[in-house]
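Worksheet: one structure, shown below.
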Amino acid sequence: MIRRLPVAALLAAAFAFPAFAAEIPPAERKSDYEFMGPQTRAMQDDDTANPGMLGVLDGEALWKARDGAAGKSCADCHGDARVSMKGVAARYPAFDAALGRPIDLEERINQSRVEQQKAAPFRFESKELLGLTAYIALQSRGMPIDVSDERLKPFIDAGREIFNRRQGQINLSCAQCHDDNWGQKLAGAPIPQGHPNGYPLYRLEWQTLGSLERRLRSCMTGVRAQAYDYGAPELVALELYLMSRARDMPIETPAVRP
């Protein structure tokens, strides 16, 4: 997603970009990994050097820890995450029949905490929620994204509309950067295609793991738009569209980005 830049630079970019974006053909889709420098790639490629793996270790400990009034752990219900969680992250956000809408992996974790463990939900962007999400997503590393449930279609369409909508004082859409101008540079930084297959990821700017929602909110702030609240249906719809847009790409969690 676009970096936070001075208003003048963003305004110049907005007026220079075309008004309508064309979705990237499947054969031309590239992970944001392809746009990273060699040092950043090397960090991601080596689990002993990848700082995101520290969060994964925290998540593994939480997977096994009993909590809440029920005194249950994730492992008590799901067993070995390496087996039970394999491929799960590649299918989220997923449709929740009881709620009648899609939920992302973070919401599913909190749902399980409340309903099964009788515990309080984790706070958005907390070390606990990010770590457990990253640990679960790690089990899908290398597996292709597949959000093909027909019930998701109207929500994917809603996310596509948000992706293509000009927003904020800068009057810029996600698509104008990540569909029309990927591979170019904005204030010296490469513009990637904005795929979500590495989240939660370790961002060097943040010095910690962060969720896709955090990144999306940062982009909205960058174009001087009012960011949706964490967990808002609009953010989940945008997450879902991005996952559908990255279909068949392998999960890279925890990725490393600048």
Side-chain angles (χ1 to χ4, degrees), residues 1-5 7 10-11 13-14 17 21 23 32 89 91-96 98-111 113-114 121-130 132-134 137 145 147 149 151-179 186 191-201 203 205-206 208-246 253 255 257:
M1 298 293 178
I2 61 172
R3 298 176 64 190
R4 299 182 71 176
L5 299 171
V7 174
L10 281 169
L11 281 171
F17 290 172
E23 194 168 276
D32 291 3
R91 301 191 295 270
Y92 270 80
F95 189 81
D96 184 287
L99 296 174
R101 61 173 175 82
I103 61 175
D104 60 16
L105 189 52
E106 287 90 342
E107 186 173 356
R108 178 68 77 194
I109 289 169
N110 273 336
Q111 186 184 76
R113 281 184 60 77
V114 172
F122 290 131
R123 179 179 53 81
F124 284 110
E125 295 306 302
S126 65
K127 177 182 176 181
E128 293 83 4
L129 186 55
L130 288 168
L132 193 49
T133 306
I145 290 172
V147 285
D149 188 332
R151 294 173 295 180
L152 296 172
K153 187 178 185 305
F155 301 97
I156 291 174
D157 290 343
R160 179 184 290 108
E161 190 279 326
I162 295 171
F163 186 82
N164 284 282
R165 183 198 308 160
R166 286 177 177 264
Q167 298 190 54
Q169 292 177 329
I170 309 303
N171 197 32
L172 189 65
S173 73
C174 309
Q176 285 176 276
C177 279
H178 302 297
D179 275 350
L186 186 60
I191 302 175
Q193 295 180 350
H195 295 300
N197 54 316
Y199 286 88
L201 56 73
R203 195 167 185 84
E205 177 187 354
W206 297 338
T208 185
L209 280 174
S211 71
L212 177 56
E213 287 200 9
R214 178 177 178 179
R215 189 68 188 117
L216 294 174
R217 283 168 49 85
S218 178
C219 286
M220 291 173 182
T221 301
V223 298
R224 306 299 187 263
Q226 178 64 48
Y228 299 117
D229 292 336
Y230 280 108
E234 294 88 350
L235 275 185
V236 176
L238 186 51
E239 286 186 74
L240 180 58
Y241 170 65
L242 291 174
M243 287 291 278
S244 73
R245 183 172 168 269
T253 309
R257 300 291 182 258

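In this structure, Cys177 and Ile191 approach most closely via the heavy-atom pair O-CG2, 3.4 Å. When all heavy atoms are compared, the tightest approach of Pro200 to Thr133 is CG-CG2, 3.7 Å. Of all heavy-atom pairs spanning Leu209 and Ala134, the tightest one is CD1-CB, 4.1 Å. For the pair Gly194 and His178, the tightest heavy-atom approach, listed with the atom from each and the gap, is N-ND1, 3.9 Å. Of all the heavy atoms in Arg214 and Thr208, the pair that sits closest is NH1-CG2, 3.6 Å. Of all non-hydrogen atoms in Phe163 and Ser173, the two that sit nearest each other are O-CB, 3.7 Å.
With rounding to the nearest 0.5 angstrom, the CG atom of Leu132 is 4.5 Å from the CD1 atom of Ile109. With values rounded to the nearest 0.5 angstrom, Trp206 atom CH2 is found 6.0 Å from Leu201 atom CG. Taking CE of Met243 as the start and CG of Asn197 as the end, the distance is 8.0 Å to the nearest 0.5 Å. The distance from atom CZ of Arg91 to atom CG of Leu152, rounded to the nearest 0.5 Å, is 12.0 Å. Remark: Asn164 CG to Asp179 CG distance equals 7.0 Å, nearest 0.5 Å. If you take CG on Leu105 and CD on Glu239, they are separated by 9.5 Å, rounding to the nearest 0.5 Å.
Residues passing the side chain to side chain contact (heavy atoms under 4.5 Å, CB included) test with Ala158 are Ala237, sequence neighbours excluded.
A salt bridge links Arg108 with Asp96: the closest approach of a Lys/Arg side-chain nitrogen to an acidic carboxylate oxygen falls below 4.0 angstrom.
For the pair Leu238/Glu213, no side-chain contact is recorded, criterion being any heavy-atom separation below 4.5 Å from C-beta on. Annotation: side chain of Leu235 is in contact with side chain of Met220 (closest heavy-atom distance under 4.5 Å).
Without hydrogens or angle criteria, Arg217 side chain to Tyr228 main chain gives a donor-acceptor distance under 3.5 Å. A donor-acceptor contact shorter than 3.5 Å is absent between the side chain of His195 and the backbone of Asp32.
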Task: Test log, rule side-chain contact (heavy atoms from CB on, under 4.5 Å), inputs Val147 and Ser244 - done: CA-CA 6 Å; Val147 285; Ser244 73; 3.9 Å; yes

TODO: Under the side-chain contact (heavy atoms from CB on, under 4.5 Å) rule, what do Arg215 and Arg203 come out as? Steps first, then yes or no, please.
DONE: CA-CA 10 Å; Arg215 189 68 188 117; Arg203 195 167 185 84; 3.2 Å; yes

Task: side-chain contact (heavy atoms from CB on, under 4.5 Å) assessment of Asp104 paired with Leu212 - done: CA-CA 10 Å; Asp104 60 16; Leu212 177 56; over 6 Å; no

Open item on the list: Go through it in stages, so that I can follow the logic: the residues are Arg101 and Val236, the test is side-chain contact (heavy atoms from CB on, under 4.5 Å), and I'd like the CA-CA distance, side-chain angles, deciding distance and then a yes or no.
Closed with: CA-CA 10 Å; Arg101 61 173 175 82; Val236 176; 5.6 Å; no

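The stretch residues 153-162 participates, sequence neighbours left out, in these side-chain hydrogen bond (donor to acceptor under 3.5 Å, both in side chains) pairs: Lys153-Asp157, Asp157-Arg160, Glu161-Arg165.
Between Phe155 and Phe95, the two ring planes are tilted [angle within 30° to 60°].
Stacking of Arg113 on the aromatic ring of Phe122 is recorded, both the 6.0 Å distance cut-off and the 45° axial limit being met.
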